[in-house]
J.: 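One structure, pasted below without further comment.
In what follows, every chain begins at residue 1, and chains take the letters A, B, ... in the order their sequences are listed.
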There are 2 protein chains.
Amino acid sequence: MRPISEEDLTTRARIRDAAMALFAEQGVKATTIRGIAEAAKVSPGLVQHHFGTKEALRQACDEYVLSYLREQVTVGVTDHNLDKPEFIENVHRTAPPLMKYLGRALVDGSPAAAAMFDELVSVTEEHLADDDRSEADHRARATVLTAMKLGITVLHEHVSRALGTDLYAPQGALRVGKAQLDLIRPEFLGRELFDQARTGLEKVEGQR
Amino acid sequence: MRPISEEDLTTRARIRDAAMALFAEQGVKATTIRGIAEAAKVSPGLVQHHFGTKEALRQACDEYVLSYLREQVTVGVTDHNLDKPEFIENVHRTAPPLMKYLGRALVDGSPAAAAMFDELVSVTEEHLADDDRSEADHRARATVLTAMKLGITVLHEHVSRALGTDLYAPQGALRVGKAQLDLIRPEFLGRELFDQARTGLEKVEGQR
DNA sequence: CAAGAGTCTATACAAACGTATCGGTCGCCA
DNA sequence: TGGCGACCGATACGTTTGTATAGACTCTTG
């Protein structure tokens, strides 16, 4: 699969990727333009030339992550590629830095990340309400479910340490995925989605 | 209940509390000594006089949170005060700023927070292994369970926004607590602990 | 080939920051 | 009562930061 837009592989993209990695690791405030420039192997002035200000660079990272996630959802869910090996391989190769950035953005107060959180809650809520027409507190359940799943992303460093395996390595993702399916009541993922996820994991497990 | 040590209520404690609140809101790097001084209504020099360096102040916050949490666990769990109204009231009054700080510390790379995470995973793992002697991946389950629960703390801002209620207000905590019990398979909290938590929540609910 | 837009580096500067230092005030005890 | 230590404020200094500016190189285009 080709990059998300033609302007990738360019210096501008290299700077953005370096910025995403550093923002994710240290937070926005603790990351310096000079550090980004060094990581991208360019001069500090060039960072400013491409993005103007640090805040604009941060927004560019936000927008890139958002468009990437939307595209992967479209290709994966809408176009039914979730079980295609090349899709899975591509996600495993490109997603980790973006997920780490998303996790940090959620705590660092990025408006884009907040919007994405709300969006995920809404989607989950509709799904829950569709599945269970009782008078349960679907809003709270959807919120908590979203926060719990994203919590693993946000705390990926601690999860990886406790597991002794990188969360974003195939083995780590597999263990965490199975543990999640074990812990959460199946009916809240939707029985259908639950089975799909479990068989997907089992298929991946069988491959290695 | 009195403060955790006699030196509270002092200027030193005011500075520490202000630092914890700002660290939690903005992260350590984005928080300035001058900002802390202003929030605590003291001079910037005084902050340095009491804690020496910013890093030492951060460590003092870490240690304070850790000792607070340990004390609450001792008083609450070990001494069986979990259902005493005055204990609950005290926790609801004092815990929020500390939990917010803990959430931020987990992402900001505090060694103390990492240690606390590992500790929670270990406790949870023993609990799971005790309850279910199968060959399941207890380590992964304990890690994911811990990360999911702490994830709600870390993402409290988003949870509160999505709920329309402050997570650390009684109503918010109640809704989230019930949603958690709904979402997670009862056997992984331990049937006993699960029932205890549910009746506890119901009692709180009945009171209002 | 000339010119100009795009790309990149080097240097400079003002602001903000952590921290060190000095001076002052209050309360306790000999 | 005098002084001494703890507590607190004001100021200053060196560093780091984001950003502005000026110049060099490259590549396309007319």
J.: Please give me the minimum heavy-atom distance between A:Asp108 and A:Gly27, naming the atom from each residue.
T.: OD2-CA, 3.6 Å
J.: In terms of heavy-atom contacts, does CD of A:Glu38 have more than 12 from other residues, nucleotides or ligands at under 6.0 Å?
T.: no
J.: Would a distance-only check, ignoring hydrogens and angles, find a side-chain to backbone donor-acceptor pair under 3.5 Å from B:Thr78 to B:Val75?
T.: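 No, because the side chain of B:Thr78 does not come within donor-acceptor range (under 3.5 Å) of the backbone of B:Val75.
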J.: On the six-membered ring of B:Phe51, is B:Arg12 placed so that its NZ or CZ lies under 6.0 angstrom from the centre and within 45° of the ring axis?
T.: yes
J.: Let me test you: for the helix from C:dC1-D:dG30 to C:dA30-D:dT1, what is the angle between the axes at its two ends (five pairs each), rounded to 10 degrees?
T.: 10°
J.: May I have the distance from B:Ile15 (atom CD1) to D:dC7 (atom P), rounded to whole angstrom?
T.: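 After rounding, the reported distance stands at 11 Å.
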J.: For B:His138 and B:Arg141, does a side-chain donor sit closer than 3.5 Å to a side-chain acceptor?
T.: no
J.: Is there a donor-acceptor pair closer than 3.5 Å between any side-chain N or O of B:Arg14 and the backbone N or O of B:Ala40?
T.: yes
J.: With the threshold set at under 4.0 Å for non-hydrogen atoms, list the residues of residues 49-59 of chain A touching DNA chain D in residue-number order.
T.: A:Thr53, A:Lys54
J.: Could you tell me whether the side chain of B:Leu69 reaches within less than 4.5 Å of the side chain of B:Met99, counting heavy atoms only?
T.: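 Yes. Closest side-chain heavy atoms under 4.5 Å.
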J.: Is any side-chain heavy atom of A:Asp182 closer than 4.5 Å to one of B:Asp137?
T.: no
J.: Could you pull out the closest heavy-atom pair between B:Thr94 and B:Pro97, with the gap in Å?
T.: O-CD, 3.5 Å
J.: Nearest whole angstrom, please: distance from the P of D:dG23 to the CG of A:Leu46.
T.: 19 Å
J.: Kindly state which residues belonging to residues 30-45 of chain A come within less than 4.0 angstrom of DNA chain D, counting heavy atoms of the residue only, listed by number.
T.: A:Thr31, A:Thr32, A:Ile33, A:Arg34
J.: Look at the side-chain N and O atoms of A:Thr11 and state whether any lies under 4.0 Å from the OP1 or OP2 oxygen of C:dC8.
T.: yes
J.: With a cut-off of less than 4.0 Å, is there a side-chain N or O of A:Gln48 near OP1 or OP2 of D:dA20?
T.: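 For A:Gln48, the contact criterion (side-chain N or O under 4.0 Å from OP1 or OP2 of D:dA20) is met.
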J.: Going by heavy atoms in the side chains, are A:Val107 and B:Val154 under 4.5 Å from each other?
T.: yes
